[in-house]
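Here is the structure we will look at.
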Amino acid sequence: MLLIDCPFCGKRPELEFRYAGEAHIARPADPSGLGDEAWGRFLYGRGNPRGMHAERWRHLNGCGRFFNALRDTTDDRFAATYKIGEERPMVAEPQGARKA
Amino acid sequence: MQKFSALALLRHAFGGHEGWRPQWRSPEPKGTYDVVIVGGGGHGLATAYYLAKEFGISNVAVLEKGWIGGGNTGRNTTIIRSNYLFDESVALYDHAVKLWEALSQALNYNVMFSQRGVIMLAHNVHDQQSLKRHIHANRLNGVDNEWLTASDAKAFCPPLNIENSMRYPVIGAALQRRGGVARHDAVAWGYARAADALGVDIVENCAVTAIRRGVNGALEGIETTRGTIETRKVGVVTAGNTSTVMAMADLRMPLESYPLQALVSEPVKPIFPCVVMSNTIHAYISQSDKGELVIGAGTDAYVSYTQRGGLHVPMHTLEAICELFPIFRRLRMLRNWGGIVDVTPDRSPIIGKTPVPGLYVNCGWGTGGFKATPGSGHLFAWTLAKDEPHPINAPFRLDRFRDGYLIDEAAAAAVAH
Amino acid sequence: MSAPFRLGAGGRIDRSRKLRFWLDRKAYEGVAGDTLASALLANGVHLVGRSFKYHRPRGIMAAGSDEPNALVSVGSGSRFTPNLRATQVELTDGLVAQSQNRWPSLGRDFGALNDVFSPLFPAGFYYKTFMWPKSAWKRIYEPKIRAMAGLGRAPTLPDSDTYTQRYAHCDALIVGAGPAGIAAALAAEAHGARVILCDEQAELGGSLLAETKATIDGKEASAWLSDALSRLSHSPNVRWLSRTTAFGCFPHNMVGLAERLTDHLPSPSEGRPRERLWQVRAKEVVLATGALERPLVFPDNDRPGIMLADAARQYLARYAVKPGTRVVVVTAHDQAYRAATELAEAGVEIAAILDIRQDASGSWAEQARGAGLHILSSTTICATSGRHRVSSVEIAPVGRDGKVGPRSRLACDLVLMCGGFTPAIHLFSQARGKLRFEERLNAFLPDGGAEGVRCAGASRGIFGLDAAIADGVAAGEAAARDAVGGGVEAAHSPVPLPKDLDGRRLDPLPHDRSPHRVKAFVDFQNDVTAKDVKLAVREGFRSIEHIKRYTTTGMATDQGKTSNMNALGIAASALDKPLPDVGLTTFRMPYTPVTFGTFAGVARGELFDPVRVTPTHDWASAHGAVFEDVGQWKRARYFPLKDEDMHRAVARECQAVRQSVGVFDASTLGKIEIVGPDAAEFMNRIYVNPWSRLEPGRCRYGVMLREDGSILDDGVVGRLAADRFHVTTTTGGAAQVLNHMEDFLQTEWSGLDCWLTSTTEQWAVIAVQGPDSRKILERLVDDIDLSAAAMPHMSVREGHVCGVPARVFRVSFTGELGFEINVPADHGRAVWQAVLDAGFSRSLTPYGTEAMHVMRAEKGYIIVGQDTDGTVTADDVGLSWAIGKTKKDFVGKRSLARPALSDPGRKQLVGLVTEDPELVLEEGAQIIAEEPTASHRSAPHKMIGHVTSSYFSATLGRGIALAMVAGGRRRMGETLYVPMPEGSIKAVVTNPVFLDPEGKRLDA
Amino acid sequence: MADLLVRPRAALADVLRNGRHGASDGAPGLILCERTELSAATLIARKGQARALAELVKSAYGIDLPSTPRFAGNQLPDGRFLVFLWAGFEQWLALIEGAQEFERELTLGLGKRASIADQSDARAVLRLRGPKAREVLAKGIAIDLHPRAFKTGDVALTLAAHIGVQLWQVDETPTYEIAVARSLAKSLWAWLSASAAEYGYEVVGEIR
C-alpha cells in the first residue's frame, strides 16, 4: 500500500485515495472548435511513461481534494505532491526511465 | 523439428535423454528481415508462427528483451473463454477458442488446454440482467453460454458457497462449457519451437532502442541492443510496454499500464472442477494440473511498471475467495506475483495499422490477453502479411478512439442502479 | 513407549510434560518444546513423506521453514490442514498427523511405480505426449495427471477458526531475532526508536538457541539471550512477536507479518483468532533473516536419514535428540565439523567425515581432528542404500585430476551433508534491493538500492556470533538514526566481509556411475535432479527462469530455499557461463506459505463489505420486506403479504398507487447541495440542461454526460433559491456524480464561486404517490399550500411536516400525483409512521423498488444503468429535448459530434409489446428483425437490439418492455422477433410511454 | 397539525445496548457511547473568504478556526459547548450540544462568509475511551495513533474498516470521537464491537 503525502492532510495510506489519471491534461477552452483527431487525443491519448509520471489523485476518504503528484513508475517512489494549479516541480528523471 | 510423442520419449529414455535437441535455436539477429515482431510473448510468437505457416513469410525475427513468455504470458491465470457481449468481441475471442481446441496437435506441443467450463457469478439483479444479456447474445452468435440457478452452479462447482448469509449471495451464474484453462508457458514454448522450425529467428535478450523512419515518415528499420535491423514491417506486441515502444515512433497511445497481481495456493489433490469468476466481488479461481489453486487478483489503482503491487489487493481477493469458498480458508498462499497490463479506454484490444506506414500494433488486451493468444497471432499475422486487417480485427482499429466507434465491454456491464 | 533417541539431559524442552501424538494412526510420545519433527526423530522415525513426482520415501532434512520433504496433514474435520512442515509444527498433546501423497500407505505406496518408470518421465515430459488420440486428453490423460499431482488433500469442511488483522507503525522493524536481530533491536531501542522485532520461531533467539558453549559479553549465550529479551520486554517502545513470519515487503516500507496464535495450543480456545495479519508501516527495516544451509547434490541424496548437518546439530542442542547412531558426514564447509564434534560428544558414533575439499583448516575442523574424528579429505559419495532409511553409503577418493577412485562401503543410519550457507535475501529482494554475487561465498548478497531497508548478520554474509552481533548493533543504530533523526548518531559501522571466506560448493559431487542412471536431487520436493536441469539446458532453455519453469525446480512449497543455488550452479556449468550471467529467479512473497484466512481476516458475512441502511430499514424488515442489494445499500424490493410471491405482491403494490396511494422509501437517492453565486453557471456546465431560467421553487429533470458523451446519471433538481440547488442522483451513481462534480469544480473551473455538499445522509426521503397522496399530506403539513394551483407538478417548498423542518418536492417517478418528503434522517422513521397512520383509512400501501420499476416503465422513464449502459447517449433514450440547445458547451457536448455518436444506425429506446399479452420478455433478451425461418434458425443472427426492462403490468393487463433497438424510433409499429431457446417471440415496437402519455394524472 | 410532534431516533438506537459486553474478565478495555445530543453542520468558506470567516468565528464564538487537521472549541455564554473540526481545505464540521435549528443559527452569524449545510442527522458520533482504545482502532484504521504521531486535538479524515470516518482525540486517557455517515453507522458498530470483544467493552449512556 503506497504512502501518499496529501498536500492538505500529510502522509496517508493509499486506501484513502483514488487515482485520477495523468495530470496536466487541460480541458480545451473551446471543445467545439476542435477536430475529431485533437478531441480524441484529449479524451484518450496518454503518455503512460516508464519513469517520472505526473498524475492526479483525490484524497477521497480524507479531505476530498484533488492534487497532483510526481511518481516514478519504475519503482513507485513519489518525487513530489503538489496542489492543483501549481507548476510541475522540476525533479531529475530517474535512472532506468524509458528503458523498454 | 524433433517429433514429440510417447514413442519418442521411450526411444530417448534408452539414450538417457541425451538426444534431445534445443526446442528453438539461439541465432544472432540478421541485418534485415521481411518482418520484425517486437515482443516474444505468446501473441508475438504466435504471430511469427502464422506468418510463416499460413502466409509463407518466414524471414521473420521475434525480438524479446528478456526471455520469451516472461511477460504476461507467463504471469496470467490462464483463463480461456469467449462469452463476451458484442458481436465484434465474440468473433475475436471465439476465433481463438476454435484454434485452442486443436493447438496441441497443430504445434505438436501439449499446451494442456482443459475445457473445464467457466462460470461467471451473479450477485444481484443487475448482474443477472447483464449476464442474461450476454447469454442471449452469445446464443444468437452460436457461442455456448447458459444460465445456471444458484443450486445448478453449486452442483457444477461443489466448493461454491450459495448460502444467503453471504454479504452478496450467489443468485445465479452464466456457464460457458467450452471455456477453460491452458498451460501458459507451453503456449510460448510451443509456438517458439514451431516457428523456429519454419525458419523464424527468435532472438532473446534483445531490446529495441529506437524506431527508424524515412523522410516520408515510413518505417525503415529499428535499433536494438544487438545491432541495427533493416525492415519495412514491424509488429509491436509488447503488452505492458506498448506505450514505451510506440513512443519511439512518436505515437501517444490510448493506453495506461497497470499492475495486475495473481497468486497460487500450495498444491492439493483435485478439488476444484472448473473456473469461477465473480466480477462483482472480484475473484477468479481455477485449479492447475499441478494442484495449485490459481487465483487472479484485481489491478492496483495506479499506472506502474514495477510488476508488483500492494498487499491490500491480494487481501481483497482472498476475502472474496474465502467468502465464496469457505473450505479454502485454511489453504495457504504459496506464491504471489505481478504483471503489467495495457488497458484501453474501452477495455478492448487494438490490432492493426498505425499512422506510421509499416508499423503495426497489437496491444491493449488488459487483463484478458492470454485467452486470445492463437486468434490474436493469426489475425495480426494476416494484417501484417496483407497490409489490411482481417474482417474479425477490422473493428479493433486504433482510430476508433478518434471516431468513437468503441467496443466497450466494460461500459456495457454498466453500474448498479 | 518413551522416546529411545532422546538424551537424558540438555535441550530447551520440558521432559516433565509428556505429549502423546499420532502419525498415520500410530501413537508416539514427545515432550513440551518439541516440534513434530524433533519428536519423530526422538522416536527414531525418519520416513515421514513421499515425494511429489516419483513418490520416493522421504525423511526430515532440515530443522526449520526450509524443510522440503517432511510435509504432513494435521488435524481433522473443520481444522484439517494439509502440507504443513513437520519441522514447524509445534507438538501439542493429542496432535494427529497424517503422511501425504501415498496410497495405500506410507510404507507401501503404489505411486512408487513412477520411480521405476522414471526414465520415461524426465523434466517436461508432459509437454511431449498425451496428445494422441486428441479426445483422450480430456477423458483419460488429464484426470490421471491431476490425480497424481497435488500433495495433501484440501479441507472439505468450512474452517471453524477465526482470523484477525491490525495495522502497526514503527521506526524500526527488525525481522529475525537471532543474535544480529536482537542486537539491532537493543541498539535501536537504546536510541529511542519505536521497535517491532519479529521471528518465525516459537522462541526468540535464532542460532543462539543452539549455542551450548559460546559466551557473549562474558555471559553464556542463553543467559545473554534471556537478559536481552527481558530488557526488550520492559521497554515501552518495543513490541516483540514470536511465531510471526515477515512474509512480504511491499511498496513504501509496508511489511506483512503473519502471527500464529493458537496452533501451538492443545485445544484452540473458542473465540480466540487462529492467526493475525500485521500490516506494518516501518520507517526503517532491518533484515536479520540469517542464512539457509545448502544440501549437497550426490546420487540418491534423498533417502530418509540424510539430513543437513547443522539441522542435526540443532536437533541435538535444542531438542536433545540423537538423529542417528552411526553417522557419515559429507561436506564442503567447516560448519559440518562442528555438528560432527557436538554429536560425537553426545555419544553418537561418527563413522567418517568426508570433505570434498582437499583440506579443511578452519577452527571447527581443528577441533574435530582434536577430538580424533575420522576425516577423509578429497572424498565423495557415489551411492547410498536403504529403502526407508539410509543404511550405508559408498564413498570414493577424488584425485587431484578430479578422477574418482575405488569405492568402499560405510554402514550408517544417518548421513549429514553441508554444501555451505545461502544468505536469506528473500525479503531484501522483494523490497527491490540490488544483489551482487560474492564469488568467495557462492552466494548473492544485498547491495543497497532498497529505500529504508538494510540487512544485518548472516543475511549479508556476516557469519560467526561476535561478528553478527556487532553487525546487528550497527544496523540497529543506523535504522534509529534514519528513522528518529534528531541528532541520533550511529557509533558503530557494519562489519566488513572477512578475508578467509570458505564453503563454496554448488556443483554435484563427482561419482563414477552412469549419469543417466543416478538421481542426484536438487529440488527434493518436486523431484528435480541434476540431470533434469542439464536436460533443460540441452533443450535450449537458457534463462534460469525458463529452466525453473521447465523443470519446476524451486517451485515447490519451499520455493527453492534449499535448491535454487544448487540449480543455478548446475545450470551455469551446463551453459558454461559465469553464474551471475545466468541470472537469479525473482523472490516472491510470501517467504513461507500464509493462510488464506489470515489475508481475509474478519471479512465475512456483514463484515465482508459495509451495509448501508435507511432510517426505515428496521421497520421494513419487521414488516417482511424482501431486500435487494444496490451497491452497498439494502433496498426493500417488495412487501409480500402472507403467502404472496413477488409477482402478486408487486401487482398489489402497483394497483394501490394507481388507484389510491402508496408510500416508498427513496432515502437512498443521492443528494447534493450546490450553493453560491455561480451555482447556476456550474449546473449549466455539468448538466445537458439549461438552468439559468429555472425559477426558485421549481424542479427540473436533469441529465449529465461523461466527457465521452455517454449518460453518467440523471435525477430531479430543485432550485431552492437563486444561489441554491438541491440535486438528486441515482442510488448507485451518487458517489461518482459527486466525484465528477468535484473534479471539474476543483481542477477545471476553480474560478467558479460555488460549493458542493453531500446531504444524502441528512435527509430521509419518503415518497407518497397516488391520486390520494395530497389528501394524506395535507393532514401532516400546515405551512405549505399543496394545492395544484399553488404547488404544481415539478415544484419544491420548504416548510414543516409533522412539525419537523422539511423539503417537500412535488415530483413523480410513478406517473401519479405524488410528493417526496425530505425530513431530517433522525425523524425519518417517525414521519414514515405518521404517514402510514394518516393514510390508514385510504389503505395506503408501502411499495418497494420492484413496483417502482414497473410503474416507471409504464411511463417510459428510464433507469440509468438498466435501460442505459456506459455507451448510451441522451438522444439514444429520447432525452435530446433536455439538452440546452443554446448552450455553447457542457461536459460531453463535443463528443456527441463524433461520427459514431451521430450514426443513424444507433440503438434507440422504444417500447415493445408482445403479441401474446400474457408473455413477459426476458430482460437481456436479444432482438432480430426477420422471423427466423427453418432455413436460418441457426446462429449467427443479426441482432438489432435487446430488452432492457420487462415486466407484467397489472394496470395494463399485459407484459410491457423497454428495449434499445437500432433505428428504433423509425420502426414504430414494426414487428420484431425475440428468439428464445423455446422459439422466437413476436413483439411490436411502440412508444415507450405506455400509460397516460398526456400526463393528466401527474397534473391532477 | 404541527402539534403532532414526532420523536427523533438516533442512528444506533436499535443496536446499542447499555452494559458490559465481550470478554468479561477484568476492567473493560473500552467504554463507549453514542453522542445523540449533538447538532452538526458543515461550513465551507466562500471564495477568498477564509480569513474573514476565521475572524468572524473568533469574534462571534472566541474560537480560532483550525487551518490544519485539528479541532478547536469553546463554551458559549449560554453554556453550550461549540467545536469546529477541520474537515478539509477551508471546510469544517461544527458540532454543538443540543441546539434547535443549528444551521439557521450559524447561517445568521457566518452565512455571508461561508456556505452552511445542516448535517445534524447525517452522522452518528461515537465517543470511546479506555486503555485498549488504540489496539481496537488499529484493527481497522491504517493511520498511526501513537501519542508521538496523533495527539489530543488532532483530527483525521480516514477509513475505519473500509468506512469513511472523521476521528479526533479528545484527551490523553485516551478518549476518541468518531463521526460516521448515518447509513453506515451500524456497519461501523458491527466492526467496532467485534474488534473490542476480546478486551471487553461497556456501552454507557454518556461519557463525561
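Everything numeric in this text was worked out from a predicted model, so none of it was measured. To find a chain, count down the sequence lines: A is the first, B the second, and so on, and within it residues start at 1.
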Quick one, [X] and [Y] - any side-chain contact, counting heavy atoms below 4.5 Å?
X	Y	result
Pro940(C)	Leu140(B)	no
Gln559(C)	Leu334(B)	yes
Ser104(B)	Trp137(C)	no
Glu628(C)	Val125(B)	yes
Ile68(B)	His546(C)	yes
Asn101(C)	Lys269(B)	yes
His516(C)	Glu18(B)	yes
Trp67(B)	Ile544(C)	no

For [X], is it the side chain, the backbone, both or neither that has a heavy atom under 4.5 Å from a heavy atom of chain C?
X	value
Arg400(B)	neither
Arg25(B)	backbone
Gln2(B)	neither
Glu163(B)	neither
Gln23(B)	both
Gln287(B)	both
Ala320(B)	both
Pro169(B)	side chain
Ile135(B)	neither
Ala102(B)	both
Asn108(B)	both
Ser26(B)	both
Asp185(B)	side chain
Thr317(B)	neither

(message) Among Gly15(B), Gly74(B), Ala137(B), Gly70(B), which residue has the highest count of heavy-atom pairs closer than 4.5 Å to chain C?
(response) Ala137(B)

Aromatic ring centroids of [X] and [Y] under 6.0 Å?
X	Y	answer
Trp189(B)	Tyr550(C)	yes
Tyr127(C)	Tyr109(B)	yes
Phe4(B)	Trp132(C)	no

Please rank [options] by heavy-atom pairs under 4.5 Å with chain B and give me the top one.
options	result
Met555(C), Lys128(C), Arg542(C)	Lys128(C)
Pro590(C), Pro119(C), Ala603(C), Ala154(C)	Pro590(C)
Arg588(C), Arg538(C), Arg604(C), His946(C)	Arg538(C)

(request) Start with the C-alpha distance between Met333(B) and Phe247(C), add both sets of side-chain angles, then the distance that settles side chain to side chain contact (heavy atoms under 4.5 Å, CB included), and finish with yes or no. (result) CA-CA 11 Å; Met333(B) 180 199 289; Phe247(C) 64 82; over 6 Å; no

If you look at every heavy atom in [X] and [Y], which pair is closest and at what distance?
X	Y	value
Pro267(B)	Gly150(C)	CB-CA, 4.0 Å
Ile327(B)	Leu157(C)	CG2-C, 3.6 Å
Asp869(C)	Ala411(B)	CB-O, 3.5 Å
Arg332(B)	Asn83(C)	NH2-O, 3.0 Å
Leu331(B)	Pro155(C)	CD2-CD, 3.7 Å
Leu318(B)	Ala600(C)	O-CB, 3.9 Å

Is [X] close to chain B through its backbone or its side chain, or both, or neither, when contacts mean heavy atoms under 4.5 Å?
X	value
Asn526(C)	side chain
Val611(C)	both
Gln632(C)	both

So, taking the atom named [atom1] in [X] and the one named [atom2] in [Y], what distance separates them when rounded to the nearest 0.5 Å?
X	Y	atom1	atom2	result
Arg335(B)	Phe587(C)	CZ	CZ	13.5 Å
Lys942(C)	Asp87(B)	NZ	CG	6.0 Å
Asp609(C)	Met166(B)	CG	CE	12.0 Å
Ser160(C)	Arg329(B)	OG	CZ	11.0 Å

(message) Could you go through Leu151(C) and Val268(B), starting from their C-alpha distance and side-chain angles, then the distance that decides it, and tell me whether this counts as side chain to side chain contact (heavy atoms under 4.5 Å, CB included)?
(response) CA-CA 5 Å; Leu151(C) 290 166; Val268(B) 286; over 6 Å; no

(message) Tell me whether the rings of His316(B) and Phe608(C) are parallel (<30°), tilted (30 to 60°) or perpendicular (>60°).
(response) parallel

(request) Kindly confirm or rule out a cation-pi arrangement of Lys138(C) over Phe113(B), judged by NZ or CZ under 6.0 Å from the six-membered ring centre and within 45° of its axis? (result) no

(message) So that I can tick it off, tell me whether Asp159(C) and Arg330(B) are bridged by a salt bridge, with the cut-off set at under 4.0 angstrom between side-chain N and carboxylate O.
(response) yes

(message) Tell me whether Glu922(C) is salt-bridged to Lys132(B), with the criterion being a basic N under 4.0 Å from an acidic carboxylate O.
(response) yes

If we ignore hydrogens and angles and just use 3.5 Å, is the side chain of [X] paired with the main-chain N or O of [Y] as donor and acceptor?
X	Y	answer
Asn110(B)	Thr129(C)	yes
Gln105(B)	Met131(C)	yes
Glu323(B)	Gly605(C)	yes

(request) Apply side chain to side chain contact (heavy atoms under 4.5 Å, CB included) to the pair His941(C) and Arg139(B), showing each step before the final yes or no. (result) CA-CA 9 Å; His941(C) 293 283; Arg139(B) 182 168 48 82; over 6 Å; no

